[in-house]
Amino acid sequence: MPTLTTKFHSHTFENPFMNASGVHCMSIQDIDGLAHSAAGSFVTKSATKAARAGNPEPRYLNLDFGSINSMGLPNNGLDYYLDDAIRRQQAAPDKAFVLSVASYEGFHEYVENMRTIQNSDYNGLVELNLSCPNVPGKPQMAYDFEDTHRLLSEITAFYTKPFGVKLPPYFDLLHFDQMAKILNQFPIKFINSINSIGNGLYIDAKTDTVVIKPKAGFGGIGGEYVKPTALANVRAFYTRLRDDIQIIGTGGILNGQDAYEHLLCGATMLQIGTQLEKEGLAVFDRIQKELLEIMTEKGYQSIDEFRGKLKAID
Ligand code: DHB
């Protein structure tokens with residue numbers, strides 16, 4: 001029987017699967033559900049300094065081939081997730097997870113939130129979310145290359161704990177080059193690629209209306225629609241980033257084959273958003289069985305034997 005055991009930063013997980021931030025991770029109860037599920041690890045809802053109610057509803061819809069959302073960062077505030085993270089870390093030091101941090105106000109709130117974590121007893125993994133597409137009037141940080149460089153410079157001047165960044169999808173080879181060049185200058189431990197494809201539009205064919213209320217119906221697209229873009233981003237960064245920067249592959253993982261393809265492109269951990277929302281926690285058991293079947297068929301004993309080994313046509 002092959003193993004799904006995965007080393008990520010200084011941690012070893014039973015398998016690479018996690019939730020994607022935003023799904024099943026808003027409350028301590030949600031997080032407990034993940035902690036007790038078959039997932040190898042989990043990430044918490046992106047936290048802002050203050051608790052937020054988020055955008056008006058309806059703000060999430062499952063679609064035949066994915067999902068659309070404009071949640072608007074509803075969350076219980078950084079202290080809520082940080083206090084819970086410290087408790088979990090003290091109760092089970094060997095069960096690592098990821099604390100996700102965002103910003104509603106922009107640049108200075110990112111810095112302030114990271115300072116709060118630096119000054120806390122939490123010393124686990126942090127994901128700095130540079131890619132929320134759903135705050136009216138606020139751009140996605142990681143589409144501004146100069147600001148991203150400036151932000152990472154400011155944060156790494158004081159932040160000494162392990163962290164990575166959640167990126168939006170890029171669609172141009174030059175942008176992969178430019179962002180990789182920036183990230184390679186900083187002591188980040190991982191990237192998470194991709195966030196949703198921002199500001200898509202879905203129309204209800206019967207009523208000729210948009211399907212979510214915020215931002216005139218524009219929202220982040222996830223699920224089956226985004227897999228080719230997600231694989232391209234994982235692959236593009238795997239071939240451009242320093243060897244010590246690991247990749248969390250997120251986007252369009254519905255089954256074992258999707259997971260296998262993300263690993264082939266170079267991902268180490270794998271996050272499931274839309275399909276977890278649709279299927280619930282049972283997805284983690286199913287997808288592990290499917291991935292193990294593929295590995296058995298191909299004769300692999302461990303993920304390390306095929307990670308990153310996507311073949312080109314000569
Ligand atoms: C939200 C959506 C995102 O894609 C994200 O990265 C953070 C927050 C949201 O709308 O709540």
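The structure presented is a predicted model; accordingly, all values stated were derived computationally and were not measured. For ligands, and for the atoms within them, numbers begin at 1 and follow the listed sequence.
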Cation-pi check for F158 against R115: NZ or CZ below 6.0 Å from the six-membered ring centre and within 45 degrees of the axis, yes or no? yes
Validate the cation-pi geometry between K7 and F13: distance from NZ or CZ to the six-membered ring centre under 6.0 Å, angle to the ring axis within 45°. no
Would one find more than 12 heavy atoms of other residues, nucleotides or ligands at under 6.0 Å from atom NZ of K278? yes
Tell me, yes or no, whether the heavy-atom count around K213 atom NZ, taken from other residues, nucleotides or ligands under 6.0 Å, exceeds 12. no
Amino acids contacting ligand 1, non-hydrogen cut-off under 4.0 Å: K45, N69, M71, G72, L73, P74, N129, C132, P133, N134, N195, S196
Please table the atom pairs, donor to acceptor, closer than 3.5 Å between any side-chain atom in residues 164-173 and protein atoms at least two apart or in another chain.
from : atom 1 : to   : atom 2 : distance (Å)
Y170 : OH     : A142 : O      : 2.6
D172 : OD1    : L174 : N      : 2.9

Step by step, would you call D83 with R88 a salt bridge (charged side-chain N to carboxylate O under 4.0 Å, His left out)? CA-CA 9 Å; D83 290 350; R88 281 177 203 282; over 6 Å; no
